[in-house]
Trainee: 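Attaching a single structure in structure tokens format; questions to follow.
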Amino acid sequence: MNGRLFGLKFWQAQLASKTFVATELARGCTTRGQPMRILFTDREAWTVVIRKKFRLTRHQACFGDMTTATLEDYDLIVPLTIEDLSFLDTVRHRIAHNPMPI
């Protein structure tokens, strides 16, 4: 792939990403219901990026250790590691309300 085509694909991807974020923010402002408390795996490199993406939403992004967290206190659980996914698979009864299948 030549440099010009690569550059075009890069900017198309950037535009698609920004459009998606803007659409989701607009949808979040017009959607009724309670804000969600979302628990993510605490990954140092990803925490800053995830917090940045959630700062304009009404939802609360929380980070922690899945094995010690009170999972029932969260509306959505998002494992970011295979270890956390495996752990959550063993405690399905504690996250039966999780909208994302584990």
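Values reported hereafter were calculated over all heavy atoms of this structure, with side chains retained and with hydrogens, waters and symmetry mates removed. Model, not experiment: these values are computed from the prediction.
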Trainee: Residues in side chain to side chain donor-acceptor pair (under 3.5 Å) with Arg58, at least two apart?
Mentor: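 Side chain to side chain donor-acceptor pair (under 3.5 Å) list for Arg58, sorted by chain: empty.
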Trainee: Is any side-chain heavy atom of Ile102 closer than 4.5 Å to a side-chain heavy atom of Ile77?
Mentor: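 Counting from C-beta outward, Ile102 and Ile77 never come under 4.5 Å.
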Trainee: When you look at CD of Gln14, are more than 12 heavy atoms from neighbouring residues, nucleotides or ligands closer to it than 6.0 Å?
Mentor: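 More than 12 within 6.0 Å, yes.
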Trainee: By side chain to side chain donor-acceptor pair (under 3.5 Å), which residues pair with Glu83, not counting sequence neighbours?
Mentor: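 Listed in chain order: nothing, the list is empty.
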Trainee: List the residues meeting side chain to side chain donor-acceptor pair (under 3.5 Å) with Ser86, not counting sequence neighbours, and say none if there are none.
Mentor: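 With neighbours one apart ignored, the set is empty.
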Trainee: Report the hydrophobic cluster partners of Phe10, with the cluster defined as I, L, V, M, F, W, Y residues connected by side-chain heavy atoms closer than 4.5 angstrom, directly or transitively.
Mentor: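 Taking Ile, Leu, Val, Met, Phe, Trp and Tyr as members, Phe10 shares its hydrophobic cluster with Trp11.
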Trainee: CZ of Phe40 to OG1 of Thr81: how many Å apart, nearest 0.5 Å?
Mentor: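 It is 13.5 Å, given to the nearest 0.5 Å.
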Trainee: Per the salt bridge (Lys or Arg N to Asp or Glu O under 4.0 Å) rule, what does the pair list look like for residues 91-102, sequence neighbours excluded?
Mentor: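 Listed by first then second residue: Glu72-Arg94, Asp89-Arg92.
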Trainee: Give me each pair satisfying ring-ring contact (aromatic ring centres under 6.0 Å, His included) with a member in residues 69-102, each pair once, sequence neighbours excluded.
Mentor: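 Sorted result for residues 69-102: empty, none.
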Trainee: Report all side-chain donor-acceptor pairs from residues 49-57 shorter than 3.5 Å, counting only partners two or more places apart or in another chain.
Mentor:
from: Arg55; atom 1: NH1; to: Lys52; atom 2: O; distance (Å): 2.8
from: Thr57; atom 1: OG1; to: Phe54; atom 2: O; distance (Å): 2.9
from: Thr57; atom 1: OG1; to: His59; atom 2: N; distance (Å): 3.3

Trainee: Do the side chains of Leu80 and Met100 join up, straight or via other hydrophobic residues, at under 4.5 Å, putting them in one cluster?
Mentor: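 Leu80 and Met100: one cluster.
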Trainee: Without swapping roles, check the side chain of Arg37 against the backbone of Cys62 for a donor-acceptor pair under 3.5 Å.
Mentor: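 Checking the backbone N and O of Cys62 against the side chain of Arg37, no donor-acceptor pair under 3.5 Å is found.
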Trainee: The criterion is side chain to side chain contact (heavy atoms under 4.5 Å, CB included); which residues satisfy it with Thr68, sequence neighbours excluded?
Mentor: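 Residues passing side chain to side chain contact (heavy atoms under 4.5 Å, CB included) with Thr68: Asp65.
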Trainee: Using side chain to side chain contact (heavy atoms under 4.5 Å, CB included), reason through Val78 and Thr41 one step at a time and then give a plain yes or no.
Mentor: CA-CA 7 Å; Val78 182; Thr41 302; over 6 Å; no
Trainee: Taking the side chain as C-beta and beyond, is there a heavy-atom pair between Gln60 and Pro35 under 4.5 Å?
Mentor: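 The answer is no, as the side chains (C-beta and beyond) never meet within the 4.5 Å cut-off.
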Trainee: To the nearest 0.5 Å, how far apart are CG in Asn98 and CG in Leu71?
Mentor: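 Spacing of CG (Asn98) from CG (Leu71) equals 9.0 Å.
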Trainee: Determine yes or no for a side-chain-to-main-chain donor-acceptor pair under 3.5 angstrom, with Ser17 supplying the side chain and Ala13 the backbone.
Mentor: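 Flag not set: sc Ser17 to bb Ala13 has no pair under 3.5 Å.
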Trainee: Sequence neighbours left out, what passes side chain to side chain contact (heavy atoms under 4.5 Å, CB included) with Pro99? Give chain and number order.
Mentor: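 Pro99 satisfies side chain to side chain contact (heavy atoms under 4.5 Å, CB included) with Met36, Leu76 only.
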Trainee: Given Leu39 and Asp75, is the side chain to side chain contact (heavy atoms under 4.5 Å, CB included) satisfied, shown in steps?
Mentor: CA-CA 8 Å; Leu39 176 63; Asp75 301 305; over 6 Å; no
